[in-house]
Amino acid sequence: MELGFVTAILPELSLAEILRFAAAEGFDCIEVMCWPKGKAERRYAGVTHIDVGDFSPGDAAEVARLVDETGVRISGLGYYPNPLTPDEDARSMHFAHIRRLIAVSAELGIGVANSFIGRDQSRNLEENLALFGELWPPVIEYADSLGVKVGIENCPMLFTNDEWPGGQNLAISPAVWDRMFEIIPSSNFGLNFDPSHFVWQQMDYLAAIRNYADRFVHVHAKDARLDREQLNRVGIMATPLEYHTPKLPGLGEVDWGKFYSELGDAGYDGPVCIEVEDRIYESSLERRKQAVSQSGRYLRQFM
């Protein structure tokens, strides 16, 4: 397995600066954020370290040069919008950008593009699965044609009042994954698995590894801490940020020793990229860089 981090937490650094930082800290890879240039839709979004919408052969050559110079691989390109939004103009834009993500991933020889399925908050699960079956198969057929794997993160995007009810990402659980894989059986369609989202949903993240590791395209390392006293006050129907907090690996409830043990037993040998969303570490660029370094030191003991 390779250890890396998600570049969203370092928006003010260039790709070259991030690759050199990763090399200096001993990381193997990075997942590079590739949002369209412009205003961020939410925290950790809107970060553009490779502009896939305006990408030239010269850009490709420069990225290849930087990867060769630093020895740090790009594990995947990331863009995490809501492609099933009921806003048809936004929907078209999201899918067009996902296609560009896939195309540039192929051009750079990376072969992995990570995203969300999305969800129409006004529709129920069955209606969203039908919408998924209408809109996503052509995208995966395009990925198939270029030999690119698409990794869907299992984040419900259901944290705050504006995402309630329903959330903004369909791929929340094994029951839904099974339906998705029935609709799109392609081996290039898989998961970017993050155990922290199973923690607050009170689900078994180790069982997910045992049962779905063959579908893992990419893995995120993020932890979560539950406030059980608050959960007992507000209940599971409350918005999740009322009773859980994203944390650095080792500072929450994920058992990372067991996590890596199950990944190894399942035969997973791909990237595990640290995703920093711990607000305690966000007061400055140096603190965020320290969060990445600290997380790397902690996780290496299990590799």
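Residues Thr85 and Asp87 bring no donor and acceptor atom of their side chains to less than 3.5 Å of each other. A donor atom on one side chain and an acceptor atom on the other are found under 3.5 Å apart for Gln121 and Gln168. Side-chain contact, Tyr80 with Asn192: a donor N or O sits under 3.5 Å from an acceptor N or O. When only modelled atom types and interatomic distance are considered, Asp59 and Ser56 share a side-chain donor-acceptor pair under 3.5 Å. Looking only at atom types and distance, the side chain of Ser186 has a donor-acceptor partner in the side chain of Asp144 under 3.5 Å away. A donor and an acceptor atom, one from each side chain of Glu31 and His220, are located under 3.5 Å apart. A donor and an acceptor atom, one from each side chain of Ser293 and Gln290, are nowhere located under 3.5 Å apart. At a cut-off of 3.5 Å, with distance as the only test, no side-chain donor of Ser14 or His49 sits close to an acceptor on the other residue. Using modelled atom types, one finds a donor on one side chain and an acceptor on the other under 3.5 Å when comparing Trp256 with Asp223. Between His244 and Gln230, the side chains place no donor N or O within less than 3.5 Å of an acceptor N or O (distance only, hydrogens not considered). Between the side chains of Asn128 and Asp120, no donor N or O sits under 3.5 Å from an acceptor N or O.
Of the charged side-chain nitrogens involved, none lies within less than 4.0 Å of a carboxylate oxygen, so that Glu25 and Lys289 do not count as a salt-bridged pair. Between Glu282 and Arg279 no salt bridge is recorded (no basic side-chain N to carboxylate O distance below 4.0 Å). At a threshold of 4.0 Å, the pair Glu262-Arg210 counts as salt-bridged, since one of the basic side-chain nitrogens sits closer than that to a carboxylate oxygen.
In this structure, Arg288 is not positioned above the aromatic face of Tyr281 in the sense of NZ or CZ being under 6.0 Å from the six-membered ring centre and within 45° of the axis. Geometric assessment of Arg215 against the ring of Phe181 yields a positive cation-pi assignment under the 6.0 Å and 45° thresholds.
At most 12 non-hydrogen atoms from other residues, nucleotides or ligands lie less than 6.0 angstrom from CD of Glu229.
Between Tyr79 and Trp35, a ring centre-to-centre spacing shorter than 6.0 Å is recorded. Ring centers of Phe159 and Trp200: under 6.0 Å apart, within the cut-off.
Across Tyr212, Tyr205, Phe193, a single residue satisfies ring pair (Phe, Tyr, Trp, His ring centres under 6.0 Å) together with Phe198, and that is Phe193.
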Stepwise salt bridge (charged side-chain N to carboxylate O under 4.0 Å, His left out) check, Glu2 with Arg73: CA-CA 9 Å; Glu2 300 170 298; Arg73 192 175 76 86; 2.6 Å; yes

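Val199 and Leu158 sit in two unconnected hydrophobic clusters of ILVMFWY residues. Membership requires side-chain heavy atoms under 4.5 Å apart, directly or through other members.
Between Glu153 and Asn114, every side-chain heavy-atom pair lies at or beyond the 4.5 Å cut-off.
Going from atom CD of Glu17 over to atom CG of Leu285 covers 9.0 Å, rounded to the nearest 0.5 Å.
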